Amino acid sequence: MTSEAGASACRVCGAEKAAFRLEARGYQFFSCQGCGYVQIDPPPSALALHALYGEDYFDKGKYVVDRAERREQERRVSLLRKAGVKTPARLLDYGCATGAFLSHAKQEFDMWGAEVSAAALSKARDRLPDLSGRLLGLDELDALETGFFDGVLLWDVVEHLLHPVEDLRKAARLVRPGGVMAFSTPDIGAVTARLMGRRWAFMTPPEHVGFFDRRALFALMKDLGFEPVTSFSRGKWVNLGFLLYKISRILPELVSQETVGRVRRSAFGRLCLYVPTGDILYAVGVKQGA
Ligand SMILES: [Zn+2]
């Protein structure tokens, strides 16, 4: 299929052929016929992005540490272990937000963090005063020497980047040869994603502007000089309260806001459940070259 109107070259592999995939919240997405990356086109305006990542972006309550979140952090650590990352590797949490993973992993690893949002960075510094000298703005990364880290971690980051290859070159430079780049990101190749289409939980432009399946993520890694070594897809650990809230948004006639509020305030709201959607992709690549 030839490129359709509105689709520009793939921002991961450069291929020019793309097929219209879907429209969500007024934004169009196209699937690259070369690598499978699904990108927003045309890109959201700077104004739309600025309005999105305001002061309160990290204050939605989703960064509260609870059991569901702890399970997610444990899963990330086991991914690193599986890829051969050993204590006390020096790791950069790129897009560390308010420091949830840093706080979980700092006992085992020499953790550093980088974050684009100054508000989130300052919260992370308040939360982790012992790491404050290692929590940096993205510009400050340029001062670090090449190969400074044993690994760079991109937890739920790549789906936010308009130009993933260009944006991540800086981070890739900081990994030593033999070191790793680790990812978690929504899996556009998952059955759930295909079935739900524009109603898929992660289909939230302009917050998410590009989606990967395994093939596309591997293409990104190779562009950046990394060889993929491990990957898997999993569902999500959630609180019952959060799950009901999500259902109430999709099917308000089934679950009322009042019920959601009551459950969230009760002990049941904190029940931790596994939802086997299989739509979160985890992967690690190893940096090539001596
Ligand atoms: Zn592509």
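When a ligand or atom number is given, it counts from 1 through the structure's own listing order. Computed from a prediction, not measured in an experiment: that's the story for all the values here.
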- Give the cluster check for Ile280 versus Leu153: same hydrophobic cluster or not, with ILVMFWY residues linked at side-chain heavy-atom distances below 4.5 Å.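 Yes, because Ile280 and Leu153 connect within a single hydrophobic cluster, where side-chain heavy atoms sit under 4.5 Å apart.
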
- Can any side-chain N or O of Ser256 pair as donor or acceptor with the backbone N or O of Thr259 at less than 3.5 Å?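 Present.
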
- Query: Could Asp110 and Arg134 be called an ion pair, given the rule that one side-chain N must be under 4.0 Å from one carboxylate O?
  - Reply: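 Salt bridge present between Asp110 and Arg134.
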
- Task: List nothing but the number: protein N/O/S atoms under 2.8 Å from the Zn ion (ligand 1).
- Result: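 If we list every protein N, O or S atom nearer than 2.8 Å to the Zn ion (ligand 1), we get 4.
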
- Under 6.0 Å between ring centres, would you say that holds for Phe211 and Trp200?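 For Phe211 and Trp200, the ring centres are under 6.0 Å apart.
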
- Task: Answer yes if the ring centres of Trp112 and Phe148 are under 6.0 angstrom apart, and no otherwise.
- Result: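 Ring centres of Phe148 and Trp112 closer than 6.0 Å.
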
Show me the side-chain donor-acceptor pairs of residues 135-147 shorter than 3.5 Å, one per line, residues at least two apart or across chains.
from: Glu140; atom 1: OE1; to: Gly137; atom 2: N; distance (Å): 2.6
from: Thr146; atom 1: OG1; to: Arg173; atom 2: NH1; distance (Å): 2.9

